[in-house]
Amino acid sequence: MFNTNTINRFQQLETPFYYYDLDVLRKTLEACRSAASKYGFHVHYAMKANFNPKVLDVIQSFGFGADCVSGNEVKAAIEHGFGKDKVVFAGVGKSDKEINLALDADIFCFNVESVQELYIINDLAKAKNKIAKVAIRINPNVDAHTHHFITTGLDENKFGINTWQLPDVIAALKECASLKFLGIHFHIGSQITDMEVYKNLCTRINEMQDWFTDHGFEIKVLNTGGGLGVDYHNPDNNIADFESYFKVFSQFLNVKPGQEVHFELGRALVAQSASLISRVLYVKNGIKKNFLVLDAGMTELIRPMLYQAYHQIENISRTESEQTVHYDVVGPICESTDCFQKDVELPQSYRGDLLAIRTAGAYGEVMASGYNLRDIVGSVYSE
Ligand code: LLP
């Protein structure tokens, strides 16, 4: 994946940093755009996955909308040229300040996550003499078969409105004159690779839209959320399976004339476009364990520590043919959990070697922290 010139370039740079391959990013975006356009589907980029300014500019240039979960994301989306008519705003805890900001920005749609939120948005919109467009985020109780920390669509999760509360939603919508109902929204989890899960989601969406229609509400927007997974074990096989993903929805979603189908993809668009590049600081050879202590840790990429997530680790200073050793690859942070992976087979490694932690473009840089008063991780681009 990394050619000699790139590795030579890395040698000159201070580590750790995120390396963005903008070519991979563009190829991924093109694959998604072309697969979605076959069916006229609308794709919003879930900004939470990566809001690096350069990444946002590239994504915006492909014509995607933006899916935001904070007022600052709404602001950044608009500043980066995502049209306000393509901005959606979800989140269980939108503050009044954030709602006001989104109202002032005239965004396309609020994805509303509780009955109480409907009344609050109505009041704030009324005070501004505006009409807020809303979709109801429904918790469909569909199992995403992914890590339980990134499952969102089960009854036990805090997200969305449970189906037993839908009569209250209808009552609120009838009462709230400053709201315009656009449709229904779902998001059941992340890193989903089993297309059967999406088929089940389609069945639930069809039931839900029938329910709303039966209660006299016309649905214009069906927003299915995001969640499409990527192959963390094959970082060079880097285009997510957009074809199969959109095909499932085209086959199983009951789309009525005039309806729009919306998606909110994050990970699948950006994950494979970045690696975290780090240097080996120390090699500790013990009786039970060999440790490679890197200059990057959970402050730069927290996914392995938070979700037991797998990221392929490569020593890009050595060739595969060299003698291999099993290492626990750890960071410098004062926490035992600061370990990228245990028992990784790598070429024998030395202080100063460069390691690439792959598939780090989604939920990597954006989840970095300053814990231990560390420097904020930098970014380097292929061009
Ligand atoms: N829409 C909503 C309402 C969401 O909450 C999310 C992600 C997405 C769309 C985009 O999902 P994606 O296509 O990226 O799977 N930090 C975790 C993932 C958290 C996902 C949060 N919500 C991780 O590193 O795996």
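Heavy-atom basis, side chains included; hydrogens, waters and symmetry copies ignored. In each ligand, atom 1 is the first atom listed, and ligand 1 is the first ligand listed.
- Residue-level proximity to ligand 1 for F159 is absent, since no heavy atom of it falls below 4.0 angstrom.
- Close contacts of ligand 1 with G266, meaning ligand atoms under 4.0 Å from a residue heavy atom, involve 12 (P), 13 (O), 14 (O).
- In this structure, NE2 in H185 is found 11.5 Å from CG in L222, a value given to the nearest 0.5 Å.
- Atoms of ligand 1 found under 4.0 Å from any heavy atom of D67 (numbered from 1 in listed order, with element): 1 (N), 2 (C), 9 (C).
- Between S369 and I302 there is no side-chain heavy-atom pair separated by less than 4.5 Å.
- Looking at H187 against ligand 1, only its side chain comes within 4.0 Å, counting heavy atoms.
- When heavy-atom distances to ligand 1 are checked against a 4.0 Å cut-off, A49 has no atom that comes that close, whether in backbone or side chain.
- Remark: ligand 1 atoms within the under-4.0 Å shell around heavy atoms of G227 are 11 (O), 12 (P), 13 (O), 15 (O).
- Both the backbone and the side chain of R267 come within contact range of ligand 1, each with a heavy atom under 4.0 Å.
- Using a 4.5 Å cut-off between side-chain heavy atoms of Ile, Leu, Val, Met, Phe, Trp and Tyr, F2 falls into a hydrophobic cluster with M1, I7, F10, L13, F17, Y19, I277, I316, L354, V380.
- Taking every heavy atom of both residues into account, I333 and G297 meet most closely at CG1-CA, 4.5 Å.
- When each atom of ligand 1 is checked for a heavy atom of R137 under 4.0 Å away, the hits are 3 (C).
- Residues Y45 and E264 fail the side-chain proximity criterion, which asks for heavy atoms closer than 4.5 Å.
- Counting heavy atoms from C-beta outward, I313 and Y327 have side chains that stay 4.5 Å or more apart.
- Which parts of ligand 1 touch K48 is read off a 4.0 Å heavy-atom cut-off, strictly below it: atoms 1 (N), 2 (C), 4 (C), 5 (O), 6 (C), 7 (C), 8 (C), 9 (C), 21 (C), 22 (N).
- Every atom of ligand 1 with a heavy atom of L265 under 4.0 Å away is listed here by number and element: 13 (O).
- The other residues sharing a hydrophobic cluster with V221 are V88, F108, L182, where clustering joins ILVMFWY side chains under 4.5 Å apart.
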